[in-house]
Trainee: 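Below: one structure in structure tokens.
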Amino acid sequence: MSRQRFDAMTESQKRERVGVEEKGRRSELFGNNVFNKERMLQYLTKDALESVQGAIFSGSKIDRKIADQVAEAMKTWAIEMGATHYTHWFQPLTGATAEKHDAFFDLMSDGRALEKFGGGQLVQQEPDASSFPSGGIRNTFEARGYTAWDPTSPAFVYDTTLCIPTIFVSYTGEALDNKAPLLRALNAIDEAATAVAKYFDKTVVKVNATLGWEQEYFLVDKALAHSRSDISLTGRTLVGHSAAKGQQLDDHYFGVIPLRAINFMKELELECMRLGIPVKTRHNEVAPNQFELAPVFEEANLAVDHNLLLMDVMDRIADRHNLKVLFHEKPFAGINGSGKHNNWSLATDTGVNLLSPGSTPMKNLQFLTFFINTIKAVDTYEELLRSSIASASNDHRLGANEAPPAILSIFVGKQLGNVLDELEGVSKGKLSPEEKTELKLNVVGKIPEILLDNTDRNRTSPFAFTGNKFEMRGVGSKTNCAKPMTILNTIVAKQLREFKKEVDALVDKKSLKKDEAVFNVLREYIKTSKRIRFDGDGYSEDWQKEAERRKLSNNKTTPAALQVLTSKQSLELFASMGVMSEKEVTARQEVELEAYILHIQIEGRVLNELVYSHIIPSVIEYQNILIKNVLGLKEIYGAAHRKLTDGQSGIIEQIAEHITELKKQVDAMTDARRKANKLTDTQKKAFAYSDDVKPYFEKIRMHCDKLEMLVDNRYWPLVKYRELLSIK
């Protein structure tokens, strides 16, 4: 047995569970480490509190004097919590978070020490922007970038650091992060949705997009994970034969949570409570060693921050439990991968979920308005929405039977589908009293009753209505939710803005009543967005053909999916909604393509090393033992040895054939990589990696996995699936 593999397995088998002491109710712990409204009431003056709340609610600016007061209060509270440093916590275009810690400690001119933190340090910092991805917005020698405080997401103390959520922009003002465009998109949806919501309730002054993410992940023993360079460097296993028992018995899903995993979850949840992350649900997922957690819904910007913070907390706590968290969308072949379903809705400041039917026909008409406009928005921009979930790692998952296909479609269920079909037949122009009565009593009025029985689910749908929200199911487990949430809120905001223009025009120019105008516009939207609605099997060949007939996009790879970002329609959308400039959009496309190239490039290099430095030497070592055995038997039995060594000779021959083919495929892959690297156009280079380099991975894997089954278990160098996928 490989020494490294043997040592890792021995270490993993000696593990003792890390105990977790649970004290106090979750409700008492919740938000203890967060500078939330409760802390603000304790530490801020009345003027400072009103200024911060105004910034949170309406985006009003906080002046310098107030910022100084807030900073002093934050510092006092943070130091009481044990903080020694502060950081502007931001989201560069790497997909992760970034931070630079500065101590509160400072020296006065006379040499005395003090803790110092002022409004200037709270509101703005200047981290080096040169080494973060910028997509050409900044040159390497142009180092200046700025982080700016986002008061809508509360500061928190993590370990001994006060973390202040911020946006990250260039010296010239372009967004270099994922948060700034999200905040702009949320502002756009607030304005557009509020204007439409006033048709039904004039007291509405604000609409928030809400998000409830579901985080799937794998847990493996730390020693086993670190023994494999592919897991350490790429987050997934590039080779590995499937275990005899995987998920086929469905005995892991919702089963008893393993003790090591439940202890990890307990400590994780306690830390989440302190940090104000409202985690609520935990369970085993379908695949062995796969789990899920989900929180209570929150305002979208805060939910995004909490998900990013959660993933960091998970890594740290897993390490204490001698575990490794795998967030890769497809860390193991042959079993389910991981996603991060994004459950999205819209809520008014009056406490109404705009995607939930109500007790009156007017409330149900409000529901239909936002429901149908969302469908129309997704239909118009389905290709753009698909681009928001594109990544090298998610390409392995989309369309792999356990995840939605790459074709965007919407599931609404038969009952709601019937409602839409009836509304499609609404008369053009003014409605007769009889038609109004029929619509309000027997169509719109019965929606709540319909939804009570609408419990059927379609797990193959990428975008499904699930009672009072839409669930975007194609989001990958590693993905920063800010990306799909920025696109989704932007396209719905654009659609609601167009809807209001059309309704107002019918009221002003055609003298229609408001509800008649709404019905007329919705009727046309139902007709023009029918192609996006699909309630069947998203994996069937018939649907693939039907989707093509409907002219829905089917971008199966990241390079193909990202092309739409810089289309005329996309650029006009972002500009008109004030979400991103053409320069910012182009930069993001460049960054995403470059990230794709680098991920595939790294996987190719790791695969090359695994084959030449680990697999082939180990296989040849075992092959030599077989050869010695055959030669020994020949020496004893002479010509008669042939009957006795048929098995050994056959294995020797199979090994030789696989080694020959393996070398050929690895060399061809390396050559394809060299050719791709010579390309200077990023888009062409990404397609070269996708079309010319990546296809070799599965061919190489096939020969490696065949060899794993041929070679004596003691000589195989890599920890096997059966060893990785079992937490004891």
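Everything numeric in this text was worked out from a predicted model, so none of it was measured.
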Trainee: Strictly by modelled atom types, are E590 and T682 linked by a side-chain donor-acceptor pair under 3.5 Å?
Mentor: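 E590 vs T682: donor-acceptor pair found between side chains.
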Trainee: Pairing donors with acceptors under 3.5 angstrom, does anything connect the side chains of E174 and T172?
Mentor: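 Present: a donor and an acceptor within the cut-off.
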Trainee: Relative to the ring of F168, is the ring of F132 parallel (under 30°), tilted (30 to 60°) or perpendicular (over 60°)?
Mentor: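 The rings of F132 and F168 stand perpendicular, inter-plane angle above 60°.
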Trainee: Do S338 and Q290 have side-chain N/O donor and acceptor atoms under 3.5 Å apart?
Mentor: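 Their side chains do contain a donor-acceptor pair, which is all the 3.5 Å distance test asks for.
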Trainee: Can you check salt bridge (charged side-chain N to carboxylate O under 4.0 Å, His left out) on E661 and K699, steps first, answer last?
Mentor: CA-CA 9 Å; E661 194 59 32; K699 297 174 185 177; over 6 Å; no
Trainee: Is it the case that T670 and N608 place a side-chain donor and acceptor less than 3.5 Å from each other?
Mentor: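 Distance-only check passes for T670 and N608.
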Trainee: What is the ring orientation for F332 with Y721, classed by angle as parallel under 30°, tilted 30 to 60°, or perpendicular over 60°?
Mentor: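 If you compare the ring of F332 with that of Y721, the planes turn out perpendicular.
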Trainee: Would N489 and W344 count as having a side-chain donor-acceptor pair, cut-off 3.5 Å?
Mentor: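 Yes, W344 and N489 have a side-chain donor paired with an acceptor closer than 3.5 Å.
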Trainee: Return yes if a side-chain donor-acceptor contact under 3.5 Å exists between D667 and Y696, otherwise no.
Mentor: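 Short answer, no.
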Trainee: Using distance alone, with no hydrogens and no angle criterion, decide if N336 and E285 have a side-chain donor and acceptor under 3.5 Å apart.
Mentor: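 Per modelled atom types, N336 and E285 side chains form no pair under 3.5 Å.
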Trainee: So, S153 versus N301: side-chain donor-acceptor pair below 3.5 Å or not?
Mentor: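 No, no side-chain donor-acceptor contact under 3.5 Å.
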Trainee: Please evaluate residues E546 and R550 with respect to the criterion salt bridge (charged side-chain N to carboxylate O under 4.0 Å, His left out), reporting the C-alpha separation (whole Å), side-chain torsions for both, the decisive distance (0.1 Å), and the verdict.
Mentor: CA-CA 6 Å; E546 174 62 15; R550 296 187 189 186; 2.9 Å; yes
Trainee: If we count only N and O atoms by modelled type, under 3.5 Å, do the side chains of S553 and E382 hold a donor and an acceptor together?
Mentor: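 Present: a donor and an acceptor within the cut-off.
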Trainee: Say whether N178 and K483, considering side chains only, have a donor N or O and an acceptor N or O under 3.5 Å apart.
Mentor: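 No donor-acceptor contact under 3.5 Å links the two side chains.
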Trainee: Under 4.0 Å between a side-chain nitrogen and a carboxylate oxygen: does that hold for D692 and K675?
Mentor: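 Here D692 does not pair with K675 in a salt bridge, since their nearest N and O are not under 4.0 Å apart.
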Trainee: Is it true that the side chains of Q665 and H703 contain a donor and an acceptor less than 3.5 Å apart?
Mentor: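 Absent: no donor and acceptor within the cut-off.
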Trainee: Checking side-chain polar atoms at under 3.5 Å, does S393 have a donor or acceptor matched by the opposite partner on E329?
Mentor: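 Distance-only check passes for S393 and E329.
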Trainee: Can R397 and N394 be counted as having a side-chain donor-acceptor contact under 3.5 angstrom?
Mentor: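 Checked: R397/N394 side chains pair up, N/O donor to acceptor below 3.5 Å.
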Trainee: Does a side-chain heavy-atom distance below 4.5 Å link F534 with L408?
Mentor: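 Sidechains of L408 and F534: no contact.
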Trainee: Could you please spell out the steps behind the ring pair (Phe, Tyr, Trp, His ring centres under 6.0 Å) verdict for Y689 and Y596?
Mentor: CA-CA 9 Å; Y689 265 94; Y596 177 85; 7.9 Å; no
Trainee: Would you kindly say whether N307 and Q215 are connected by a side-chain donor-acceptor distance under 3.5 Å?
Mentor: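 Per modelled atom types, N307 and Q215 side chains form a pair under 3.5 Å.
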Trainee: Indicate the atoms forming the closest heavy-atom contact of G578 with R184, along with that distance.
Mentor: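 So the two residues come closest at O-CD, 3.4 Å.
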